[in-house]
Amino acid sequence: MPRSTPPDHLPRASLRAAVVWEALEEALSRHGAARGDAGDGGATGAGGRGEAGGRGKADAGAAGRALDVLDTGGGTGGFAVPAALLGHRVTVVDPSPNALFGLQRRAAEAGVADRVHGVQGDIHALFDVAEPGAYDAVLCHGVLEYVDDPAAGLANAVAALRPGGLLSVLAAGLGGAVLARALAGHFSSAHRALTGGDGRWGEADPVPRRFTPEELTRLVAAAGVDVRAVQGVRTFSDLVPDGLAESEPGALDALLELERAAAESPAFQHVAAQLHVLGGRK
């Protein structure tokens, strides 16, 4: 499948999300095609948003059926809006009213306000605001490292899926944090992150926990998901000094190609800043 350009291309913020988006876009396309082949293309979608469903079905025709997507912790729509631009119907659940306001504005600017629905909530009380078993795909990005009980939160994400539904999990990687602290000369805090059990480098660390590839894969599999792909994300882009990649023509594109190549390598997954797991509900 040809790689699409990240939606807000290029500075570095988009580059950091590009590898995840490319994998997610391809997975949504394949899942939509599979759903279309199964003959259920007439669904109106979770929440009954028929107008969005009709428009989404037309726009997503090349990729198959328009999907009902749930984005837990989706914030201002960094993945939700691009998914809606593909024709999918997206519900974003986020605890922050400010983030949801930003989501509404972003969706309107992109012309997909009728396909994006934001609701205040969190993954532990997910079914106060979302229907179980109602979604073709669930995104759980930047959530598991912050919640009190990652296994319970992930169980809710999986329970929101229809049978065979697509799950995308993105979480903080342990090795990337250790490497970043060590390269910055903070050797004691790097050691603390490596040996502390939770991946935190100290009391001031804003991230409550981090995962190794094995830990995250086990967690996802234990939730009843068939793990299909694991990627290491932001292996190099977080370590390159600001301005360096922008200083030479073509450097950002070269860095993106390097990130793409490293993402699939198990060796580099262990030193990535984030880990991306894709799978399907059993």
Side-chain angles (χ1 to χ4, degrees), residues 4-18 20-21 24-25 28 44-56 59-60 66-132 134-148 150 153-154 156-157 160-161 166-172 206-208 233-234 238 273-274 276:
S4 64
T5 300
D8 297 317
H9 200 58
L10 255 172
R12 294 273 285 280
S14 293
L15 186 149
R16 287 168 174 152
V20 175
W21 170 246
L24 180 59
E25 181 184 23
L28 289 171
T44 58
R49 294 189 297 280
E51 181 181 347
R55 180 179 172 189
D59 288 356
L67 301 174
D68 296 308
V69 179
L70 178 65
D71 189 352
T72 63
T76 60
F79 289 96
V81 169
L85 284 166
L86 295 178
H88 304 302
R89 301 171 291 265
V90 188
T91 298
V92 175
V93 176
D94 197 278
S96 168
N98 290 337
L100 293 173
F101 177 78
L103 167 72
Q104 184 180 31
R105 181 174 59 189
R106 191 177 204 165
E109 290 173 350
V112 292
D114 61 338
R115 294 189 203 135
V116 178
H117 174 60
V119 60
Q120 189 172 2
D122 62 57
I123 199 166
H124 281 313
L126 184 60
F127 300 121
D128 290 344
V129 295
E131 298 177 34
Y135 298 90
D136 300 300
V138 172
L139 315 187
C140 185
H141 293 179
V143 173
L144 299 183
E145 54 265 67
Y146 293 102
V147 296
D148 293 334
L154 192 57
N156 280 349
L161 285 167
L166 174 71
L167 179 71
S168 175
V169 175
L170 184 68
V207 180
V233 182
R234 292 164 50 179
D238 283 12
Q274 291 182 310
H276 184 214

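Numbers here are sequence positions counted from 1. All values below come from the heavy atoms of this structure, side chains included, with hydrogens, waters and symmetry mates left out.
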How far apart are the closest heavy atoms of [X] and [Y], and which atoms are they?
| X | Y | value |
| --- | --- | --- |
| A84 | V116 | CB-CG2, 3.5 Å |
| P208 | P206 | CD-O, 3.5 Å |
| A157 | V138 | O-CG2, 3.6 Å |
| F127 | A160 | CZ-N, 3.8 Å |
| L67 | H88 | N-ND1, 3.0 Å |
| A66 | G87 | CB-O, 3.3 Å |

Task: Nearest-0.5 Å distance, OG1 of residue T91 to NE2 of residue H117 - done: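 These two atoms lie 5.5 Å from each other.
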- [ ] Verify side-chain contact (heavy atoms from CB on, under 4.5 Å) between L167 and L154, making sure each step is shown before the conclusion.
- [x] CA-CA 10 Å; L167 179 71; L154 192 57; 4.1 Å; yes
Task: Under 3.5 Å: donor-acceptor pair, side chain of N156, backbone of I123 - done: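 Checking the backbone N and O of I123 against the side chain of N156, a donor-acceptor pair under 3.5 Å is found.
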TODO: Mark yes or no for whether D68, through its side chain, and D136, through its backbone, hold a donor-acceptor pair below 3.5 Å.
DONE: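 No, D68 side chain to D136 backbone: no donor-acceptor pair under 3.5 Å.
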- [ ] Output, in order, the C-alpha distance, side-chain angles, deciding distance and verdict of side-chain contact (heavy atoms from CB on, under 4.5 Å) for Q120 and V129.
- [x] CA-CA 8 Å; Q120 189 172 2; V129 295; over 6 Å; no
Task: Heavy-atom side-chain proximity of D94 to L103 below 4.5 angstrom - done: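 Side-chain contact under 4.5 Å: no.
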TODO: Report yes if some heavy atom in the side chain of L126 is under 4.5 Å from a heavy atom in the side chain of L70; otherwise report no.
DONE: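 In short, these two side chains touch, coming nearer than 4.5 Å.
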Open item on the list: Suppose the criterion is side-chain hydrogen bond (donor to acceptor under 3.5 Å, both in side chains): which pairs have a residue in residues 138-148, not counting sequence neighbours?
Closed with: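 For residues 138-148, and leaving out neighbouring residues, the side-chain hydrogen bond (donor to acceptor under 3.5 Å, both in side chains) pairs sorted by first residue read H141-S168.
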Which donor-acceptor pairs under 3.5 Å do side chains of residues 71-83 form with protein atoms, sequence neighbours excluded?
residue : atom : partner : partner atom : Å
T72     : OG1  : L139    : O            : 2.9
T76     : OG1  : R106    : NH1          : 3.2

